Protein chains: 2
Amino acid sequence: MAASSPSARASRGRRAPRATGDDRERAILATLEELLEDRPLHAISVDDLARGAGISRPSFYFYFASKEAVLLSLFDRILAEGRAGQGDAIERLADDPPAQLRQGILAFFETFRAHRAVTLAGAEARTTSAELRAMWSRVMEAWVDEVATAISSERARGAAPSGVAARDLATALVCMNERVLHTTFAGDSPSVGEDDVVDVLVAIWLRAIYGDA
Amino acid sequence: MAASSPSARASRGRRAPRATGDDRERAILATLEELLEDRPLHAISVDDLARGAGISRPSFYFYFASKEAVLLSLFDRILAEGRAGQGDAIERLADDPPAQLRQGILAFFETFRAHRAVTLAGAEARTTSAELRAMWSRVMEAWVDEVATAISSERARGAAPSGVAARDLATALVCMNERVLHTTFAGDSPSVGEDDVVDVLVAIWLRAIYGDA
DNA sequence: GAAGGTATCAACAGGGTGTCGAGTCGTGTC
DNA sequence: GACACGACTCGACACCCTGTTGATACCTTC
(Lines give C-alpha, C1' and ligand atoms only; values in the text may rest on other atoms or scores of the structure.)
Protein backbone atom coordinates (compact mmCIF):
# COMPACT_ATOMS: atom_id res chain seq x y z
CA MET A 1 0.00 0.00 0.00
CA ALA A 2 1.14 3.45 -0.90
CA ALA A 3 3.90 2.54 -3.29
CA SER A 4 4.64 5.10 -5.92
CA SER A 5 3.89 3.80 -9.36
CA PRO A 6 1.80 6.33 -11.26
CA SER A 7 2.77 4.35 -14.32
CA ALA A 8 0.04 1.76 -13.84
CA ARG A 9 -1.64 3.71 -16.62
CA ALA A 10 -0.86 1.35 -19.50
CA SER A 11 -2.21 0.74 -22.98
CA ARG A 12 -2.35 3.95 -24.90
CA GLY A 13 -2.38 3.83 -28.67
CA ARG A 14 1.15 4.61 -29.85
CA ARG A 15 1.58 8.29 -30.52
CA ALA A 16 -1.91 9.04 -29.15
CA PRO A 17 -3.19 12.29 -30.74
CA ARG A 18 -4.30 14.33 -27.76
CA ALA A 19 -3.48 12.20 -24.79
CA THR A 20 -5.30 13.51 -21.75
CA GLY A 21 -4.71 10.92 -19.07
CA ASP A 22 -1.38 11.35 -17.37
CA ASP A 23 -0.75 14.66 -19.04
CA ARG A 24 -3.14 15.90 -16.41
CA GLU A 25 -1.29 14.06 -13.72
CA ARG A 26 1.91 15.69 -14.82
CA ALA A 27 0.16 19.04 -14.96
CA ILE A 28 -0.94 18.67 -11.35
CA LEU A 29 2.55 17.78 -10.23
CA ALA A 30 3.99 20.70 -12.17
CA THR A 31 1.39 23.06 -10.75
CA LEU A 32 2.20 22.12 -7.19
CA GLU A 33 5.91 22.48 -7.72
CA GLU A 34 5.32 25.86 -9.30
CA LEU A 35 2.93 27.19 -6.66
CA LEU A 36 5.27 26.08 -3.90
CA GLU A 37 7.83 28.48 -5.28
CA ASP A 38 5.99 31.36 -3.75
CA ARG A 39 3.79 30.12 -0.97
CA PRO A 40 3.82 27.36 1.59
CA LEU A 41 1.81 24.19 1.27
CA HIS A 42 -0.85 25.20 3.75
CA ALA A 43 -1.65 28.22 1.62
CA ILE A 44 -2.33 26.10 -1.44
CA SER A 45 -5.72 24.45 -1.80
CA VAL A 46 -6.81 21.49 -3.87
CA ASP A 47 -8.78 23.96 -5.93
CA ASP A 48 -5.60 25.88 -6.75
CA LEU A 49 -3.99 22.70 -8.00
CA ALA A 50 -7.02 21.71 -10.04
CA ARG A 51 -7.33 25.12 -11.66
CA GLY A 52 -3.63 25.19 -12.35
CA ALA A 53 -3.92 21.89 -14.16
CA GLY A 54 -7.00 23.05 -16.04
CA ILE A 55 -9.51 20.75 -14.42
CA SER A 56 -12.23 21.00 -11.79
CA ARG A 57 -11.72 20.16 -8.18
CA PRO A 58 -13.60 16.86 -8.29
CA SER A 59 -11.51 15.80 -11.26
CA PHE A 60 -8.42 16.37 -9.19
CA TYR A 61 -9.53 13.54 -6.93
CA PHE A 62 -9.54 11.21 -9.90
CA TYR A 63 -5.78 11.57 -9.98
CA PHE A 64 -4.73 12.07 -6.39
CA ALA A 65 -6.29 11.42 -3.02
CA SER A 66 -5.16 14.73 -1.54
CA LYS A 67 -2.63 17.47 -2.00
CA GLU A 68 -0.31 15.57 0.32
CA ALA A 69 -0.44 12.68 -2.12
CA VAL A 70 0.76 14.98 -4.87
CA LEU A 71 3.59 16.12 -2.70
CA LEU A 72 4.42 12.54 -1.87
CA SER A 73 4.79 11.76 -5.53
CA LEU A 74 6.95 14.81 -6.14
CA PHE A 75 9.05 13.94 -3.17
CA ASP A 76 9.56 10.42 -4.31
CA ARG A 77 11.20 11.58 -7.50
CA ILE A 78 13.53 13.87 -5.65
CA LEU A 79 14.58 11.10 -3.33
CA ALA A 80 15.31 8.83 -6.24
CA GLU A 81 17.43 11.56 -7.75
CA GLY A 82 19.19 12.03 -4.43
CA ARG A 83 20.00 8.37 -4.04
CA ALA A 84 21.53 8.40 -7.49
CA GLY A 85 23.81 11.38 -6.85
CA GLN A 86 24.94 10.13 -3.49
CA GLY A 87 26.58 6.95 -4.68
CA ASP A 88 28.69 5.00 -2.22
CA ALA A 89 30.56 7.93 -0.69
CA ILE A 90 29.88 6.85 2.87
CA GLU A 91 30.68 3.20 2.34
CA ARG A 92 34.09 4.23 1.10
CA LEU A 93 34.65 6.60 4.00
CA ALA A 94 37.99 5.00 4.83
CA ASP A 95 39.48 5.89 1.43
CA ASP A 96 39.67 9.55 2.31
CA PRO A 97 37.42 10.64 5.14
CA PRO A 98 37.22 14.40 4.51
CA ALA A 99 36.65 13.96 0.80
CA GLN A 100 34.14 11.13 1.04
CA LEU A 101 32.20 12.82 3.79
CA ARG A 102 32.07 16.02 1.86
CA GLN A 103 30.89 14.13 -1.17
CA GLY A 104 28.08 12.44 0.72
CA ILE A 105 26.88 15.62 2.38
CA LEU A 106 27.22 17.63 -0.79
CA ALA A 107 24.98 15.21 -2.66
CA PHE A 108 22.20 15.76 -0.14
CA PHE A 109 22.76 19.48 -0.15
CA GLU A 110 22.60 19.78 -3.90
CA THR A 111 19.62 17.55 -4.38
CA PHE A 112 17.52 19.37 -1.83
CA ARG A 113 18.72 22.78 -2.87
CA ALA A 114 17.66 22.06 -6.43
CA HIS A 115 14.14 21.43 -5.14
CA ARG A 116 14.06 23.52 -2.05
CA ALA A 117 10.41 24.42 -2.31
CA VAL A 118 9.33 20.80 -2.42
CA THR A 119 11.74 19.89 0.33
CA LEU A 120 10.40 22.54 2.66
CA ALA A 121 6.84 21.56 1.85
CA GLY A 122 7.71 17.97 2.64
CA ALA A 123 8.91 18.98 6.06
CA GLU A 124 5.73 20.92 6.60
CA ALA A 125 3.45 18.11 5.49
CA ARG A 126 5.16 15.62 7.76
CA THR A 127 3.06 16.94 10.63
CA THR A 128 -0.17 16.21 8.77
CA SER A 129 0.44 13.19 6.60
CA ALA A 130 1.36 9.87 8.11
CA GLU A 131 2.48 8.61 4.72
CA LEU A 132 4.92 11.42 4.23
CA ARG A 133 6.16 10.99 7.75
CA ALA A 134 6.78 7.32 7.10
CA MET A 135 8.59 8.00 3.85
CA TRP A 136 10.79 10.59 5.53
CA SER A 137 11.55 8.16 8.33
CA ARG A 138 12.59 5.49 5.92
CA VAL A 139 15.02 7.80 4.20
CA MET A 140 16.53 9.00 7.45
CA GLU A 141 16.83 5.47 8.74
CA ALA A 142 18.63 4.31 5.66
CA TRP A 143 21.03 7.20 5.93
CA VAL A 144 21.59 6.55 9.65
CA ASP A 145 22.23 2.85 9.00
CA GLU A 146 24.81 3.60 6.43
CA VAL A 147 26.58 6.15 8.59
CA ALA A 148 26.47 3.98 11.70
CA THR A 149 28.03 1.11 9.79
CA ALA A 150 30.76 3.35 8.44
CA ILE A 151 31.54 4.71 11.90
CA SER A 152 31.73 1.23 13.34
CA SER A 153 34.21 0.08 10.76
CA GLU A 154 36.34 3.17 11.14
CA ARG A 155 36.46 2.40 14.83
CA ALA A 156 37.21 -1.25 14.20
CA ARG A 157 40.16 -0.43 12.01
CA GLY A 158 41.44 2.03 14.60
CA ALA A 159 40.97 5.12 12.48
CA ALA A 160 38.33 6.56 14.76
CA PRO A 161 38.31 6.60 18.57
CA SER A 162 35.43 4.99 20.36
CA GLY A 163 32.89 7.03 22.26
CA VAL A 164 29.12 7.17 22.30
CA ALA A 165 27.30 4.38 20.47
CA ALA A 166 27.90 4.58 16.74
CA ARG A 167 24.23 4.49 15.94
CA ASP A 168 23.38 7.30 18.33
CA LEU A 169 26.19 9.39 16.95
CA ALA A 170 25.00 8.74 13.41
CA THR A 171 21.44 9.63 14.33
CA ALA A 172 22.43 12.93 15.87
CA LEU A 173 24.62 13.89 12.93
CA VAL A 174 21.96 13.04 10.39
CA CYS A 175 19.38 15.01 12.36
CA MET A 176 21.77 17.92 12.43
CA ASN A 177 22.12 17.86 8.69
CA GLU A 178 18.40 17.72 8.23
CA ARG A 179 17.69 20.66 10.45
CA VAL A 180 20.64 22.78 9.43
CA LEU A 181 19.89 22.37 5.75
CA HIS A 182 16.26 23.12 6.41
CA THR A 183 16.97 26.42 8.14
CA THR A 184 19.46 27.34 5.46
CA PHE A 185 16.99 26.68 2.64
CA ALA A 186 14.11 28.27 4.48
CA GLY A 187 16.32 31.25 5.19
CA ASP A 188 15.03 31.58 8.70
CA SER A 189 16.94 33.49 11.18
CA PRO A 190 19.54 31.48 12.98
CA SER A 191 20.92 29.71 9.93
CA VAL A 192 24.18 29.07 8.16
CA GLY A 193 24.75 30.67 4.77
CA GLU A 194 24.38 28.51 1.70
CA ASP A 195 28.02 28.95 0.80
CA ASP A 196 29.33 27.77 4.12
CA VAL A 197 26.88 25.17 5.23
CA VAL A 198 28.57 22.15 3.68
CA ASP A 199 31.94 23.12 5.14
CA VAL A 200 30.47 23.56 8.57
CA LEU A 201 28.68 20.24 8.50
CA VAL A 202 31.71 18.37 7.22
CA ALA A 203 33.87 19.94 9.92
CA ILE A 204 31.51 18.83 12.66
CA TRP A 205 31.16 15.33 11.26
CA LEU A 206 34.92 14.90 11.07
CA ARG A 207 35.49 16.06 14.61
CA ALA A 208 32.56 14.05 15.94
CA ILE A 209 33.70 10.85 14.28
CA TYR A 210 37.49 11.13 14.29
CA GLY A 211 38.20 13.45 17.16
CA ASP A 212 40.89 15.82 15.92
CA ALA A 213 41.91 15.92 12.28
CA MET B 1 2.54 44.30 19.25
CA ALA B 2 2.02 40.72 20.30
CA ALA B 3 3.66 40.81 23.69
CA SER B 4 2.27 38.41 26.22
CA SER B 5 0.54 40.21 29.04
CA PRO B 6 -2.82 38.56 29.65
CA SER B 7 -2.84 40.45 32.93
CA ALA B 8 -4.25 43.62 31.43
CA ARG B 9 -7.44 42.41 33.05
CA ALA B 10 -7.47 44.66 36.10
CA SER B 11 -10.03 45.84 38.64
CA ARG B 12 -11.90 42.91 40.05
CA GLY B 13 -13.57 43.25 43.41
CA ARG B 14 -11.33 41.67 46.02
CA ARG B 15 -12.19 38.04 46.65
CA ALA B 16 -14.85 38.18 43.94
CA PRO B 17 -17.47 35.49 44.64
CA ARG B 18 -17.43 33.55 41.41
CA ALA B 19 -14.71 35.17 39.39
CA THR B 20 -15.21 34.40 35.73
CA GLY B 21 -12.69 36.55 33.89
CA ASP B 22 -9.25 35.07 33.75
CA ASP B 23 -10.37 31.81 35.28
CA ARG B 24 -11.65 31.17 31.80
CA GLU B 25 -8.39 32.19 30.31
CA ARG B 26 -6.58 29.76 32.54
CA ALA B 27 -9.13 27.10 31.71
CA ILE B 28 -8.46 27.52 28.02
CA LEU B 29 -4.72 27.26 28.53
CA ALA B 30 -5.16 24.20 30.70
CA THR B 31 -7.49 22.61 28.17
CA LEU B 32 -5.02 23.00 25.36
CA GLU B 33 -2.17 21.60 27.37
CA GLU B 34 -4.34 18.67 28.34
CA LEU B 35 -5.68 17.93 24.87
CA LEU B 36 -2.18 18.10 23.43
CA GLU B 37 -1.28 15.14 25.60
CA ASP B 38 -3.09 12.82 23.26
CA ARG B 39 -3.46 14.46 19.89
CA PRO B 40 -1.53 16.91 17.77
CA LEU B 41 -2.43 20.55 17.40
CA HIS B 42 -3.96 20.19 13.97
CA ALA B 43 -6.44 17.70 15.38
CA ILE B 44 -7.69 20.16 18.00
CA SER B 45 -10.28 22.75 17.02
CA VAL B 46 -11.20 26.04 18.60
CA ASP B 47 -14.48 24.40 19.48
CA ASP B 48 -12.66 21.71 21.43
CA LEU B 49 -10.85 24.34 23.42
CA ALA B 50 -14.01 26.33 24.06
CA ARG B 51 -15.98 23.29 25.20
CA GLY B 52 -13.10 22.17 27.37
CA ALA B 53 -13.14 25.53 29.09
CA GLY B 54 -16.92 25.48 29.40
CA ILE B 55 -17.71 28.31 27.03
CA SER B 56 -19.02 28.70 23.50
CA ARG B 57 -16.81 29.07 20.48
CA PRO B 58 -17.50 32.78 20.00
CA SER B 59 -16.64 33.37 23.63
CA PHE B 60 -13.29 31.78 23.03
CA TYR B 61 -12.45 34.62 20.70
CA PHE B 62 -13.00 37.06 23.51
CA TYR B 63 -9.92 35.60 25.17
CA PHE B 64 -7.67 34.56 22.34
CA ALA B 65 -7.39 35.40 18.67
CA SER B 66 -6.79 31.80 17.59
CA LYS B 67 -5.63 28.49 18.90
CA GLU B 68 -2.09 29.45 17.89
CA ALA B 69 -2.36 32.42 20.24
CA VAL B 70 -3.17 30.07 23.09
CA LEU B 71 -0.17 27.98 22.25
CA LEU B 72 1.97 31.09 22.07
CA SER B 73 0.98 31.98 25.58
CA LEU B 74 1.66 28.49 26.86
CA PHE B 75 4.98 28.46 25.11
CA ASP B 76 5.99 31.76 26.58
CA ARG B 77 5.72 30.38 30.09
CA ILE B 78 7.80 27.37 29.24
CA LEU B 79 10.51 29.52 27.76
CA ALA B 80 10.61 31.67 30.84
CA GLU B 81 10.98 28.55 32.93
CA GLY B 82 13.73 27.35 30.63
CA ARG B 83 15.67 30.55 30.85
CA ALA B 84 15.56 30.32 34.62
CA GLY B 85 16.88 26.74 34.80
CA GLN B 86 19.61 27.36 32.29
CA GLY B 87 21.50 29.95 34.27
CA ASP B 88 24.92 30.99 33.05
CA ALA B 89 26.28 27.55 32.27
CA ILE B 90 27.51 28.51 28.83
CA GLU B 91 29.07 31.79 29.91
CA ARG B 92 31.18 29.85 32.37
CA LEU B 93 32.16 27.25 29.83
CA ALA B 94 35.84 27.72 30.56
CA ASP B 95 35.44 26.67 34.21
CA ASP B 96 34.88 23.05 33.25
CA PRO B 97 33.80 22.51 29.67
CA PRO B 98 32.26 19.03 29.93
CA ALA B 99 30.34 19.87 33.07
CA GLN B 100 29.13 23.29 31.99
CA LEU B 101 28.12 22.08 28.58
CA ARG B 102 26.23 19.20 30.07
CA GLN B 103 24.52 21.57 32.45
CA GLY B 104 23.40 23.89 29.67
CA ILE B 105 22.12 21.11 27.45
CA LEU B 106 20.49 19.31 30.33
CA ALA B 107 18.52 22.42 31.24
CA PHE B 108 17.02 22.55 27.76
CA PHE B 109 16.36 18.86 27.77
CA GLU B 110 14.56 18.88 31.06
CA THR B 111 12.49 21.92 30.40
CA PHE B 112 11.22 20.64 27.10
CA ARG B 113 10.78 17.12 28.30
CA ALA B 114 8.60 18.36 31.12
CA HIS B 115 6.32 19.94 28.55
CA ARG B 116 6.91 17.77 25.56
CA ALA B 117 3.39 18.02 24.22
CA VAL B 118 3.50 21.79 24.12
CA THR B 119 6.99 21.76 22.68
CA LEU B 120 6.01 19.47 19.84
CA ALA B 121 2.91 21.52 19.15
CA GLY B 122 5.08 24.61 19.02
CA ALA B 123 7.24 23.06 16.37
CA GLU B 124 4.15 22.11 14.42
CA ALA B 125 2.57 25.54 14.65
CA ARG B 126 5.73 27.25 13.47
CA THR B 127 4.75 26.43 9.92
CA THR B 128 1.43 28.21 10.28
CA SER B 129 1.93 31.05 12.70
CA ALA B 130 4.35 33.84 11.93
CA GLU B 131 4.25 34.93 15.56
CA LEU B 132 5.29 31.57 16.85
CA ARG B 133 7.97 31.35 14.21
CA ALA B 134 9.32 34.72 15.29
CA MET B 135 9.32 33.77 18.95
CA TRP B 136 11.12 30.53 18.20
CA SER B 137 13.67 32.41 16.13
CA ARG B 138 14.37 34.82 18.92
CA VAL B 139 15.04 32.00 21.35
CA MET B 140 17.32 30.19 18.95
CA GLU B 141 19.19 33.37 18.15
CA ALA B 142 19.79 34.14 21.78
CA TRP B 143 21.10 30.64 22.34
CA VAL B 144 23.32 30.84 19.26
CA ASP B 145 24.70 34.22 20.34
CA GLU B 146 25.63 32.90 23.72
CA VAL B 147 27.29 29.80 22.33
CA ALA B 148 29.13 31.69 19.61
CA THR B 149 30.54 34.07 22.19
CA ALA B 150 31.65 31.22 24.39
CA ILE B 151 33.35 29.45 21.49
CA SER B 152 35.16 32.61 20.52
CA SER B 153 36.56 33.14 23.97
CA GLU B 154 37.62 29.53 24.30
CA ARG B 155 39.49 29.98 21.05
CA ALA B 156 40.96 33.27 22.19
CA ARG B 157 42.34 31.75 25.34
CA GLY B 158 43.78 28.87 23.38
CA ALA B 159 41.56 26.20 24.87
CA ALA B 160 39.82 25.47 21.61
CA PRO B 161 41.38 25.18 18.16
CA SER B 162 40.14 27.45 15.44
CA GLY B 163 38.14 26.16 12.53
CA VAL B 164 34.89 27.16 10.89
CA ALA B 165 33.40 30.47 11.98
CA ALA B 166 32.31 30.34 15.60
CA ARG B 167 28.86 31.59 14.80
CA ASP B 168 28.27 29.00 12.09
CA LEU B 169 29.47 26.26 14.37
CA ALA B 170 27.19 27.48 17.13
CA THR B 171 24.24 27.63 14.75
CA ALA B 172 24.75 24.09 13.54
CA LEU B 173 25.12 22.72 17.06
CA VAL B 174 22.03 24.50 18.31
CA CYS B 175 20.05 23.27 15.31
CA MET B 176 21.25 19.78 16.05
CA ASN B 177 20.01 19.99 19.59
CA GLU B 178 16.67 21.27 18.46
CA ARG B 179 16.10 18.52 15.95
CA VAL B 180 17.57 15.69 17.97
CA LEU B 181 15.52 16.56 21.02
CA HIS B 182 12.45 16.89 18.85
CA THR B 183 12.80 13.43 17.36
CA THR B 184 13.53 11.98 20.78
CA PHE B 185 10.45 13.54 22.33
CA ALA B 186 8.27 12.76 19.35
CA GLY B 187 9.57 9.23 19.45
CA ASP B 188 9.82 9.06 15.71
CA SER B 189 11.92 6.51 14.10
CA PRO B 190 15.51 7.49 13.72
CA SER B 191 15.95 8.99 17.16
CA VAL B 192 18.20 8.74 20.17
CA GLY B 193 16.80 7.28 23.37
CA GLU B 194 15.83 9.65 26.16
CA ASP B 195 18.45 8.19 28.47
CA ASP B 196 21.32 8.72 26.07
CA VAL B 197 20.46 11.85 24.22
CA VAL B 198 22.16 14.31 26.53
CA ASP B 199 25.38 12.28 26.55
CA VAL B 200 25.41 12.07 22.81
CA LEU B 201 24.84 15.76 22.35
CA VAL B 202 27.47 16.72 24.89
CA ALA B 203 29.99 14.41 23.25
CA ILE B 204 29.43 15.98 19.85
CA TRP B 205 29.60 19.52 21.21
CA LEU B 206 32.86 18.80 22.97
CA ARG B 207 34.47 17.29 19.93
CA ALA B 208 33.14 19.99 17.65
CA ILE B 209 34.36 22.80 19.84
CA TYR B 210 37.53 21.41 21.37
CA GLY B 211 38.68 18.80 18.92
CA ASP B 212 39.75 15.81 20.99
CA ALA B 213 39.06 15.59 24.72
C1' DG C 1 -23.13 -0.46 -32.12
C1' DA C 2 -22.81 -2.14 -27.60
C1' DA C 3 -19.71 -2.75 -23.75
C1' DG C 4 -16.40 -0.94 -20.63
C1' DG C 5 -12.77 1.59 -18.88
C1' DT C 6 -11.34 6.59 -18.84
C1' DA C 7 -12.39 11.02 -17.62
C1' DT C 8 -15.30 15.05 -16.23
C1' DC C 9 -17.96 18.04 -13.29
C1' DA C 10 -22.42 20.12 -10.83
C1' DA C 11 -24.18 19.52 -6.64
C1' DC C 12 -24.08 18.08 -2.03
C1' DA C 13 -22.75 17.12 2.89
C1' DG C 14 -19.90 18.30 6.52
C1' DG C 15 -16.63 20.64 9.33
C1' DG C 16 -13.69 24.32 10.34
C1' DT C 17 -12.86 29.49 10.95
C1' DG C 18 -13.84 34.17 12.35
C1' DT C 19 -17.37 38.00 12.99
C1' DC C 20 -21.61 40.56 14.24
C1' DG C 21 -25.06 42.03 16.96
C1' DA C 22 -28.14 41.40 20.48
C1' DG C 23 -28.21 40.30 24.83
C1' DT C 24 -26.97 39.38 30.31
C1' DC C 25 -24.82 40.64 34.52
C1' DG C 26 -22.34 42.96 38.01
C1' DT C 27 -20.63 47.49 39.77
C1' DG C 28 -19.89 52.31 40.64
C1' DT C 29 -22.31 56.84 40.21
C1' DC C 30 -25.38 60.53 41.02
C1' DG D 1 -32.90 53.17 42.70
C1' DA D 2 -32.35 54.35 38.05
C1' DC D 3 -28.69 54.34 34.90
C1' DA D 4 -24.73 53.85 32.31
C1' DC D 5 -20.84 51.10 31.31
C1' DG D 6 -17.57 47.61 30.77
C1' DA D 7 -17.05 42.64 31.14
C1' DC D 8 -18.73 38.76 29.23
C1' DT D 9 -21.76 35.46 26.48
C1' DC D 10 -23.64 33.17 22.53
C1' DG D 11 -27.02 32.30 18.30
C1' DA D 12 -26.66 32.98 13.75
C1' DC D 13 -24.20 34.11 9.81
C1' DA D 14 -20.78 34.27 5.88
C1' DC D 15 -16.97 31.87 4.12
C1' DC D 16 -13.62 28.61 2.80
C1' DC D 17 -12.06 24.13 2.39
C1' DT D 18 -12.47 19.13 1.98
C1' DG D 19 -14.06 14.86 0.03
C1' DT D 20 -18.02 12.16 -2.24
C1' DT D 21 -21.79 11.00 -5.34
C1' DG D 22 -24.12 10.35 -9.48
C1' DA D 23 -25.08 11.59 -13.99
C1' DT D 24 -22.67 12.04 -18.21
C1' DA D 25 -19.57 12.22 -22.03
C1' DC D 26 -15.65 10.23 -24.60
C1' DC D 27 -12.79 6.80 -26.60
C1' DT D 28 -11.60 2.24 -28.03
C1' DT D 29 -12.06 -2.34 -29.03
C1' DC D 30 -14.40 -6.12 -30.43
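Just so it is clear, the model here is predicted, and its values are computed rather than measured. Letters go in sequence order (proteins before strands), and every chain restarts at 1.
Ranked by how close their nearest DNA chain D nucleotide is to the 5' end, B:Ser56 and A:Ser66 are led by B:Ser56.
Proximity note for B:Phe62 (side chain, C-beta onward) versus D:dA12, D:dT18, D:dA7: the nearest is D:dA7. Minimum atom distance to the side chain of A:Tyr61 is reached by D:dT20, of the listed C:dG16, D:dA12, D:dT20. Closest to the B:Ile55 side chain, of the nucleotides C:dA7, D:dG19, D:dT9, is D:dT9. Taking every side-chain heavy atom of A:Val46 into account, D:dT18 is the closest of D:dT21, C:dA7, D:dT18.
Between the CG atom of B:Leu49 and the C1' atom of C:dG18 there is a distance of 15 Å, rounded to whole Å. Here D:dT9 presents its C1' atom at 16 Å from CG of B:Asp22, a figure rounded to the nearest Å. For the pair B:Phe64 CZ and C:dT17 P, the interatomic distance rounds to 15 Å; values are reported in whole Å. Spacing between atom CD1 of B:Ile44 and atom P of C:dG15 amounts to 18 Å, rounded to whole angstrom units. Atom CZ in A:Arg57 sits roughly 7 Å away from atom C1' in D:dC17 (whole-Å rounding). Here the P atom of nucleotide D:dC16 and the CG atom of A:Asp48 are 12 Å apart, to the nearest Å. In this structure, the CZ atom of B:Phe60 is 14 Å from the P atom of D:dC10, given to the nearest Å. The distance from atom CG of B:Asp47 to atom P of D:dA12 is 15 Å, rounded to the nearest whole Å.
Under the 4.5 Å side-chain criterion, counting only non-hydrogen atoms from C-beta, A:His115 is not in contact with A:Phe75. A 4.5 Å side-chain heavy-atom check between B:Ile78 and B:Thr111 finds at least one atom pair inside the cut-off.
The phosphate of C:dT8 (OP1 or OP2) has a side-chain N or O of A:Tyr63 nearer than 4.0 angstrom. One finds a side-chain N or O of B:Ser59 lying less than 4.0 angstrom from the OP1 or OP2 phosphate oxygen of D:dC10.
Between the side chain of B:Glu124 and the backbone N or O of B:His42 there is at least one donor-acceptor pair closer than 3.5 Å.
Taken to the nearest 0.5 Å, the OG1 atom of B:Thr119 stands 10.5 Å off from the CZ atom of B:Phe108.
Of the charged side-chain nitrogens involved, none lies within less than 4.0 Å of a carboxylate oxygen, so that A:Asp188 and B:Arg126 do not count as a salt-bridged pair.
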